[in-house]
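Okay, so here's the structure we're looking at.
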Amino acid sequence: MKNEDVAKLLSQFADLLDIKGESGFRVNAYRRGADTVKRLDEPVQQLVDEGRLIDVKGIGKGLASNIEDILEQGQFPDLEELQDEIPGTLLTIVAIPGIGAKTVGRFYRELGITNVEELEHAVEEDRLTALKGIGNKQVQRITEGIEFLRQRTGRISIGTALPAARDISRAIGESLGTRAEPVGSVRRYAETVGNIDLLVESTDSDSITTVLKDRFKASEIEIEPADRVRAQIPMVGSLVIFLSDAEHWGSDSIRYTGSSEHVDALGLPESVSATSETAAYETLDLPWIAPELREHRGEIQAAREHRLPELVELRQIRGDLHMHSTWSDGRASVRELAERAIELQYEYIAIADHSHGLAVANGLDAERLREQRKEIEEVRAGYPSLTIFCANEVEVRRDGTLDHADEVLAELDLVVASLHSGRNMPKEELTERVIGAIRNPHVDVIAHPTGRIVEQRPPAEYDWERVFEAAAETGTVLEINANPARLDLPEHLVAQAVEAGVSIAINSDAHNLRGLDVMEFGVGIARRAWLSSEHIVNTWPLDRVEQWLGR
DNA sequence: TTTAAAGCTAAACTTGGCACGTATGCCAA
């Protein structure tokens with residue numbers, strides 16, 4: 001079981017304890033435990049195997065034994081037990097933005113509400129306002145929250161889907177001694193996918209079934225007559241395997257990579273069999289089109305006219321301008337981050353811990369920033385091949401001013417600005433606020449501009465035209481946050497920003513060493529927005545980056 | 001529940017925004 005899955009169970013347990021009204025300290029211990037496990041760099045299973053779990057700060061005897069139970073049984077016995085006492089469906093209400101466990105507990109105890117449908121019913125019958133502390137405004141927020149939940153697709157995050165697609169295709173390929181590759185929306189780097197699609201050169205659905213069962217604990221396996229195998233993969237989602245042969249590989253690969261709009265518009269005749277995608281496109285007098293472009297957004301026309309963009313590639317990324325260390329809420333030290341960056345063959349990185357306004361993340365004030373600079377300088381001395389920028393992720397206050405004085409910002413090599421609180425201001429005020437940050441001459445990058453969490457938290461609303469105009473004018477760079485939970489800016493806004501003359505940075509926002517590895521998801525978004533390396537500042541050589549930073 | 005101090009128990013946990021309702025609790029970062 002993956003760390004995130006263990007963390008999820010612990011966090012669900014914390015929520016149920018909280019709903020039940022248990023001691024806040026106990027609840028918090030589980031919340032912290034969940035957070036700790038999520039941010040761990042090594043697989044938690046490894047820590048258990050080596051008896052080191054108890055050494056982790058924030059995990060004591062109780063949590064360690066809980067985690068061992070979870071890993072052994074694939075489920076959390078205490079959580080199951082607790083669900084006998086209070087309905088597990090209450091957790092679906094906690095997922096509504098703006099409603100926490102405390103409120104859910106009151107709805108349950110005082111109104112007997114156990115799920116979202118019953119909550120909606122209570123809203124319709126105006127029963128919520130009878131509760132002390134719940135007025136019309138709250139009810140309105142709840143209604144909006146439910147509406148947002150309803151819009152969720154339940155699709156699989158690319159961050160889960162792509163590694164799983166690679167694991168499964170590798171296992172099938174090795175086991176059957178054949179070709180197996182991800183296709184479908186996973187291959188196109190869509191931010192979420194409905195199914196994980198694979199193409200396998202084989203007719204041996206029985207052997208594939210065996211691999212899925214033995215290696216991935218797949219259930220609900222169905223072999224369909226139309227040469228495909230369907231299955232459910234635990235903790236991942238649904239999988240579809242298309243069976244092909246060498247002769248049809250290229251045409252099948254195009255067909256099953258999609259998108260369906262692209263394939264329909266191509267009009268590839270059923271009779272065409274091609275061994276490679278290039279050969280298949282050739283039968284239509286077209287050059288090969290990168291999967292990320294296959295969304296029927298003008299790519300076929302562009303291909304026909306030989307003006308497809310030269311898309312940015314992962315290997316062109318020379319640095320990462322947004323990551324957190326142990327100085328704030330990261331788990332890796334500056335030195336560890338530097339060493340990993342060198343392994344990734346980066347030429348430069350920026351240590352951008354939180355500023356003191358984000359107290360919960362142990363943000364840095366001016367004094368600690370100066371102390372941190374000393375440490376960064378020490379690390380720099382040991383790794384001359386890597387340039388380490390002394391940066392900070394600075395809070396943008398409600399009035400558009402920044403969380404550090406200008407003279408403190410001036411000391412930094414690079415300033416990343418972001419909004420972590422009060423994002424539901426009216427659109428006009430929010431726009432003014434972010435433009436205030438953009439116009440600050442010290443600010444270089446605006447991080448995760450919309451603040452959305454994919455499928456969990458809606459994006460903030462801005463007058464984007466004005467935001468892009470200001471950023472283009474001042475040369476302030478907007479981020480593609482490459483964390484698959486964020487992917488922020490989203491692709492359609494990336495395209496608009498670049499169209500308006502704004503440059504982009506693709507950053508990991510890593511909070512541990514593994515967190516540095518998400519870069520490819522950000523590159524995927526950039527490619528889907530038709531971007532070339534020229535648009536992306538962290539593909540630039542160091543001297544050009546330094547020139548941009550004005551030093 | 002964890003951790004730090006001790007040898008059993010006590011302390012841990014910030015900050016601002018917001019709604020409700022005129023002092024407090026919840027939520028989210």
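Owing to the predicted nature of the structure, the values given are computational and were not obtained by experimental measurement. Chain identifiers are assigned alphabetically (A, B, ...) following the order of the sequence lines, protein sequences preceding nucleic acid strands; residue numbering begins at 1 within each chain.
In this pair, His448(A) and His420(A) present their aromatic rings perpendicular. The plane angle is above 60°, beyond the 30 to 60° band. Ring geometry, His356(A) versus His404(A): the interplanar angle falls from 30° to 60°, so the pair is classed tilted.
Distance His354(A) NE2 to dT14(B) C1': 14 Å, rounded to the nearest Å. Residue Ile99(A) contributes atom CD1, which lies 18 Å from atom P of dC18(B) at whole-angstrom precision. Put simply, NZ on Lys137(A) is 20 Å from P on dC26(B), counting in whole angstrom units. If you take CD of Gln138(A) and P of dG17(B), they are 17 Å apart, rounded to a whole angstrom. Rounded to whole Å, atom P of dA4(B) lies 15 Å from atom NZ of Lys61(A). Look at CZ on Arg26(A): it is 17 Å from C1' on dT3(B), rounded to the nearest Å. Counting to the nearest Å, the P atom of dT1(B) and the CD1 atom of Ile67(A) are 13 Å from each other. In this entry the distance linking CZ of Phe148(A) with P of dA28(B) reads 12 Å, nearest Å.
Set against dC13(B), dA19(B), dT14(B), the side chain of Arg141(A) has dA19(B) as its closest nucleotide. Considering only the side chain of Leu63(A), dT1(B) comes nearest among dA4(B), dC26(B), dT1(B). Comparing dC26(B), dT1(B), dT14(B) by their nearest atom to the side chain of Ala359(A) picks out dT14(B).
In summary, the side chains of Tyr30(A) and Asp18(A) do not present any donor paired with an acceptor at a separation below 3.5 Å, with no hydrogens or angles considered.
Residue-level contact check: Arg398(A) touches the backbone only, with heavy atoms under 4.0 Å from sugar-phosphate atoms and none from bases. Nucleic acid contact for Arg423(A): sugar-phosphate only, since backbone atoms but no base atoms lie under 4.0 Å from a heavy atom of the residue. Nucleic acid contact class of Gly422(A) (heavy atoms, under 4.0 Å, all strands): none. If you check every strand for non-hydrogen atoms under 4.0 Å, Asn136(A) touches sugar and phosphate atoms only. As judged by a 4.0 angstrom heavy-atom cut-off over every strand, Gly357(A) is placed among residues making no nucleic acid contact. If you check every strand for non-hydrogen atoms under 4.0 Å, Thr103(A) touches sugar and phosphate atoms only.
Nearest-nucleotide positions on DNA chain B for Ala29(A) and Ile134(A) put Ala29(A) closer to the 5' end. Comparing Ile96(A) and Met425(A) by the nucleotide of DNA chain B that holds the closest heavy atom to each, the one mapping nearer the 5' end is Met425(A).
Tested against His322(A), the residues Asn538(A), Asp509(A), Asn483(A) include a single side-chain hydrogen bond (donor to acceptor under 3.5 Å, both in side chains) partner, Asp509(A).
Rounded to whole Å, the separation between the C1' atoms of dC18(B) and dA23(B) comes to 14 Å. To the nearest whole angstrom, the two C1' atoms, one in dT14(B) and one in dT22(B), are 25 Å apart. Rounded to a whole angstrom, the distance from the P atom of dG21(B) to that of dC27(B) is 16 Å. dA6(B) and dA12(B): their P atoms are spaced 15 Å apart (whole Å). Comparing the C1' positions of dA10(B) and dG25(B) gives an interatomic distance of 26 Å, to the nearest angstrom. Taking atom P in both dC26(B) and dA11(B), the straight-line distance is 23 Å, to the nearest Å. Rounded to whole Å, the separation between the C1' atoms of dT2(B) and dC13(B) comes to 13 Å.
Looking at Asp353(A) and Glu393(A), their side chains never come closer than 4.5 Å, going by heavy atoms from C-beta outward.
The existence of a salt bridge linking Glu191(A) and Arg155(A) is excluded, since no basic side-chain nitrogen approaches an acidic carboxylate oxygen closer than 4.0 Å.
In this model, the phosphate group of dT15(B) is not approached by any side-chain N or O of Arg397(A) to a distance below 4.0 Å at OP1 or OP2.
Remark: Leu9(A) CG to Ser11(A) OG distance equals 9.0 Å, nearest 0.5 Å.
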